[in-house]
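Small disclaimer: the values here were computed from a predicted structure and weren't measured. Below, chain A is the first sequence line, B the second, and so on; all start at residue 1.
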Amino acid sequence: MATSDSTIESQRERGREALLRTWSDRPGFMGWLTTVDHKRVGRRYIATALVFFVIAGILAMLMRIQLSQPENNFLGPDRYNQMFSMHGSMMMFLFAVPVMEAVAVYIVPLMVGARNISFPRLNAFSYWIYLFGGIMILAAFLLDVGPEAGWTGYVPLSSSDFSAGKRTDFWAQMITFTEVAALCIAVELVATILAMRAPGMTLRRIPLFAWSMLIVSLMVIFAMPAVMLSSSFLISDRLVGTQFYNAGEGGDPLLWQHLFWFFGHPEVYIIFMPALGMISSIVETFSRRPIFGYTAMVLALVATGFLAFGLWVHHMFATGLPPLGNSFYTAASMMIAIPSGVQIFCWIATLWTGKPIITVPLLFVLGFFALFVLGGMTGVMVASVPLDLQVHDTYFVVAHFHYVLIGGAVFPLMGALYFWFPKFTGRMLSEALGRLQFWLFFIGFNVTFFPMHILGLMGMPRRVYTYPSGLGWDLPNMIASLGSWVIAGSVLVFAFNVFYALRAGRPAGDNPWGAPTLEWATLSPPPPYNFEEMPVVRGSEPLWPLDTDLPVMTGLAKDKREALLTTSTDALPATRWAMPDPSIWPLWSALALTVLFVWSIFSPWGVVWGAIPLAVVLTVWFWPKRSEPSLGGGE
Amino acid sequence: MSLRGLRWGLAAAGSALLSACNTVQSALAPVADESRAIVRVWDLMLWICGPMYLLVLLALGYALWRNRGNGHGRASERTLWFGLLGFTVLTAGLLTVLTAQSYVQDRRLHAPVSDPVNVRITAKQWWWQVEYLDADPSKQFTTANELHLPVDRPARIELRSADVIHSLWIPVLNGKEDLIPGHANTITMTPRKVGRYRGQCAEFCGLQHANMALDVRIDDAAGFAAWQAHQRTPAATPTTPSAIAGRNDFTAMACAMCHAIDGTDAGGVVGPNLTHLASRHRLAAGALPLDRGTLETWILDPQRHKPGTNMPAVPLQPQQLSDITDYLMTLN
């Protein structure tokens with residue numbers, strides 16, 4: 001008996017070694033450049049996005065210093081306008097969307113029980129493009145060619161007549177970079193979720209985080225082309241004199257707004273819906289029961305995804321569109337509160353009937369309830385045409401969207417980082433520091449942003465670099481500015497917590513929270529091959545009850561990079577699929593594309609000549625190989 | 001305490017802040033039919049959204065409180081589904097009420113008006129050109145950065161832009177409406193209270209978006225008629241030697257390239273019409289109060305007071321500067 005046990009064990013050990021050889025990256029720096037492991041790419045994606053978050057946050061602090069007093073001279077109008085444009089652009093394009101996708105790049109393949117993400121090289125390419133785009137816009141900003149027309153870049157203000165020089169061109173090209181990166185990930189996630197789920201993970205058993213990422217990815221695929229179109233029109237208006245937006249030549253400045261918001265409104269949900277998935281994971285785990293109303297939750301996510309595309313005009317109520325048309329968009333905008341309400345109800349019902357354990361991740365989710373629901377209420381207010389005509393483009397709206405974006409997305413994200421940090425690193429973050437961070441963030445956030453509601457109602461427009469005294473704006477502005485320092489303190493606590501945990505954090509073990517989904521069924525951090533054998537799913541909470549053994553399916557080769565493809569609805573095993581090796585070509589392709597994009601800021605010939613190296617590297621990348629699933633990159 | 005205590009603290013701080021509320025540029029201090037209609041929407045919103053917010057937080061708080069220790073939830077799934085159904089119906093019902101209220105009040109903003117004062121406002125970087133229209137061309141006149149309207153009579157304002165998108169926002173009178181190149185928007189407002197108010201550009205329009213204010217005066221009918229009659233007259237003829245010299249300098253130098261003064265040779269249309277400059281209360285679209293001292297420093301170096309403004313610093317001898325300022329201050 002004992003001998004057969006040890007035989008089995010040594011057999012498994014040999015299997016693990018084979019898997020490790022097959023799935024490991026090349027050693028050293030080359031391995032770092034060539035990796036296609038979704039976990040490494042996801043980790044660096046998250047870290048990069050958090051760096052951009054801090055930089056954009058520092059810009060916000062500088063703006064708050066300028067606004068702390070009336071007629072302050074800390075920043076001039078030119079600097080200030082560049083800063084708020086950078087702050088918005090970075091937070092939206094370089095932090096919020098990428099960080100959500102980055103968490104998904106790391107977690108989703110594990111959550112659905114896959115060996116890797118579906119298109120690993122595209123994934124690596126996406127990261128490089130994102131990184132280069134971010135570096136480009138930061139460099140431009142430091143060289144005083146940062147964006148100056150706001151993150152929304154309205155024409156004609158962003159046209160060459162009113163924004164001479166290259167500032168707006170860098171901004172528009174930054175959008176192109178980040179949208180390419182986002183589209184790549186969206187495609188990978190859709191394919192991963194629809195085709196690579198563990199056997200038995202039928203549509204009804206997909207974890208809600210994966211559901212939300214599936215819907216978000218589909219939204220990205222539909223929404224991003226609108227902004228790529230609008231920014232490409234802008235670039236060609238500026239560079240080669242097309243007149244898409246020039247009213248004097250038969251174009252129309254409102255075309256920009258329609259295209260931009262057709263993307264821009266879904267964008268908000270693209271940021272917010274991954275957070276909904278994170279909340280479901282956290283609430284389920286710490287309530288110790290499955291989420292109540294799974295079907296209703298999925299339908300609510302789908303409904304939000306659909307409705308998000310029918311709301312864009314509520315950003316344009318003041319542009320003079322026909323009143324009856326506006327009213328339809330009021331109704332559509334209000335309607336989106338229904339699926340949101342359904343989800344709020346289901347989470348509260350889950351907590352109500354569960355045994356909630358208040359850990360730091362759950363604490364951030366509770367903060368989400370307090371902040372997001374308030375932001376949702378002000379969202380209902382701005383959906384109403386008459387009320388929006390008053391508060392549109394004022395600090396009321398600034399308060400509203402920070403409540404929904406920070407309260408609705410960043411708080412859950414923080415919770416998710418605390419929740420999955422043990423999986424990312426194998427170590428636990430400190431609960432005590434986490435609580436401190438939460439309270440600093442929660443209090444600082446409210447002190448900063450709540451007074452902005454009042455400022456907006458009292459007539460303060462947004463995007464002003466200064467304001468006169470005597471309008472009752474002085475005190476709320478001072479309070480808001482003070483609050484921003486408390487938020488900065490909370491970010492410092494988080495940074496300290498992370499660095500401390502990486503050096504001396506408590507080892508986590510496979511499943512420190514007792515969570516039910518598959519990412520917790522492997523080591524922390526997971527090995528390069530994710531799972532020793534493919535897990536098989538028999539319920540919607542595969543790891544619950546916690547002491548049962550997870551059934552597995554054997555048969556995938558251990559000496560080749562093989563993944564299992566399953567059918568989209570029933571997740572029946574369909575075929576084995578050869579996954580690609582590490583490769584340097586995604587990096588070269590990203591560099592070639594970066595050259596093309598940056599060159600085309602200065603000359604249309606950049607597109608022509610820049611296409612040649614790009615074509616060469618892409619040809620090499622996609623050169624057809626007569627390959628079986630490979631023997632791996634280790635050798 | 002923490003969560004709810006904080007909420008209450010915030011609410012208290014909020015009401016303290018609101019009590020310091022201004023009455024010249026606040027959406028909550030309405031003095032016109034339109035802005036009052038909007039406040040009705042606001043009130044209903046507060047009455048519906050406030051209690052709903054509390055309901056959600058109380059439910060959340062109770063959910064956490066009831067299971068403290070290791071108690072186990074007891075509501076059956078069936079009860080919960082009924083609860084979800086009820087909550088959804090409640091939400092949908094309240095949203096329907098809000099949508100209806102929003103629609104009804106929006107009609108008021110677009111109600112047809114009779115015998116309005118017709119004004120055309122053209123926004124430029126970064127000031128407002130205000131033209132009073134009349135079927136009789138001799139009764140038309142142009143001013144800048146100051147809007148006078150009679151009380152108890154509707155005003156119909158045509159909105160134009162000469163460059164980028166701006167947004168006219170006078171919170172005490174109505175919501176905002178954009179001024180867009182190539183689009184002809186209008187807005188109506190029916191003031192009900194005499195007084196002095198302030199409007200401001202609400203759509204980011206470039207470097208000096210922050211300093212693009214509009215001085216708004218609601219006059220009684222007689223006062224408005226008198227003001228109108230005065231504005232229609234050409235500029236006063238200067239009498240003092242320095243003012244005469246100032247007028248000659250003004251019309252002979254770069255000033256007249258951009259500014260018009262009716263009744264003189266100065267006919268530029270790029271900058272504000274200065275025919276009755278000295279009758280206004282603010283300078284450079286609200287950037288400065290208007291008196292002789294501020295006017296002189298403004299002409300000397302506009303970029304210092306409003307960095308980025310399109311008005312250049314015209315090189316002037318000290319005597320010329322003083323003369324021109326004297327002259328402009330006679331333009332009542």
Side-chain angles (χ1 to χ4, degrees), chain A residues 76-78 81 150 154 156-157 162 247 252-254 292-293 296 318-320 323 327 330-331 334 337-338 341-342 344-345 348-349 351-356 369-370 373-374 377 380-381 384-387 389-390 392-393 446 450-451 454 457-459 461 463-467 471-472 475-476, chain B residues 3 10 14 17-18 20-22 25-28 37-38 41-42 45 49 53 56-57 59-60 63-64 67 70 72-73 75 80 84 87-88 91-92 95 98-99 102-103 105-106 109-110 164-165 167 171 175-178 180-183 185 200 202-210 307-308:
Chain A
D78 187 50
N81 291 350
Y154 274 15
L157 190 63
F162 301 99
D252 190 347
L254 278 191
F292 162 75
T319 58
S327 300
T330 292
M334 296 243 181
I338 296 174
V342 166
I344 299 271
F345 183 95
I348 292 181
L351 291 165
W352 191 291
T353 52
K355 295 182 224 172
F369 281 105
V373 178
L374 185 73
M377 295 298 172
V380 168
M381 295 178 183
S384 155
V385 176
L387 200 49
L389 292 178
Q390 282 288 20
H392 177 66
D393 268 331
N446 281 297
F450 194 82
I454 296 159
L457 290 168
M458 285 188 355
R463 296 174 165 174
V464 290
Y465 76 98
T466 188
Y467 55 93
L471 290 169
L475 181 63
Chain B
L3 199 97
L10 280 173
L17 289 171
L18 272 179
C21 181
N22 73 68
Q25 195 172 334
S26 169
L28 298 183
I38 296 174
V41 181
W42 166 253
M45 285 280 181
C49 294
Y53 181 67
V56 170
L57 285 199
L60 177 67
L64 296 173
N67 296 329
N70 227 351
H72 203 317
L80 289 179
L84 175 59
F87 183 74
T88 308
T91 316
L95 289 170
L98 290 175
T99 307
S102 166
Y103 180 82
Q105 301 301 338
D106 193 41
L109 306 191
H110 297 97
V164 301
I165 301 176
S167 192
K176 57 187 71 64
E177 186 82 14
D178 291 350
I180 305 171
H183 287 255
N185 287 339
Q200 192 167 355
E203 178 67 61
F204 179 62
C205 57
L207 280 179
Q208 281 299 329
H209 168 56

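- B:Gln25 contributes no side-chain N or O that, together with a main-chain N or O of B:Pro171, makes up a donor-acceptor pair within less than 3.5 Å.
- Partners of B:His209 by ring-ring contact (aromatic ring centres under 6.0 Å, His included), not counting sequence neighbours, listed by chain and number: B:Phe204.
- Per-residue counts of heavy-atom pairs under 4.5 Å with chain A were compared for B:Gly308, B:Ala202, B:Ala92; the largest is that of B:Ala202.
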(request) Check the pair B:Leu28, B:Trp42 against side chain to side chain contact (heavy atoms under 4.5 Å, CB included), reporting the backbone distance first and the verdict last. (result) CA-CA 9 Å; B:Leu28 298 183; B:Trp42 166 253; 3.5 Å; yes
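- Put simply, the side chain of B:Leu109 reaches to within 4.5 Å of the side chain of B:Ile38, judged on heavy atoms.
- Among A:Tyr467, A:Phe369, A:Phe162, the residue with the largest count of heavy-atom pairs under 4.5 Å with chain B is A:Phe162.
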(request) List the steps and the verdict of side chain to side chain contact (heavy atoms under 4.5 Å, CB included) for A:Ile338 and B:Thr88. (result) CA-CA 7 Å; A:Ile338 296 174; B:Thr88 308; 3.8 Å; yes
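- At a threshold of 4.5 Å between non-hydrogen side-chain atoms, the residues B:Leu98 and B:Met45 count as touching.
- The residue among B:Ser167, B:Gly182, B:Ala37, B:Cys205 with the most heavy atom pairs within less than 4.5 Å of chain A is B:Cys205.
- Of all the listed residues (A:Pro323, A:Gly150, A:Pro253), the one sharing the greatest number of non-hydrogen pairs under 4.5 Å with chain B is A:Pro323.
- For A:Leu351, the parts lying near chain B are the backbone and the side chain together; criterion is any non-hydrogen pair under 4.5 Å.
- The residue among A:Pro461, A:Gly320, A:Pro386, A:Pro156 with the most heavy atom pairs within less than 4.5 Å of chain B is A:Pro386.
- When heavy atoms are compared at a cutoff of 4.5 Å, B:Glu203 approaches chain A by way of both its backbone and its side chain.
- Heavy atoms closer than 4.5 Å to chain A are found in both the backbone and the side chain of B:Asp106.
- Residues satisfying the side chain to side chain contact (heavy atoms under 4.5 Å, CB included) test with A:Ala318, not counting sequence neighbours, are A:Leu389, A:His392, B:Lys176, B:Asp178.
- For B:Ile180, the part sitting under 4.5 Å from any heavy atom of chain A is the side chain, from C-beta outward, and nothing else.
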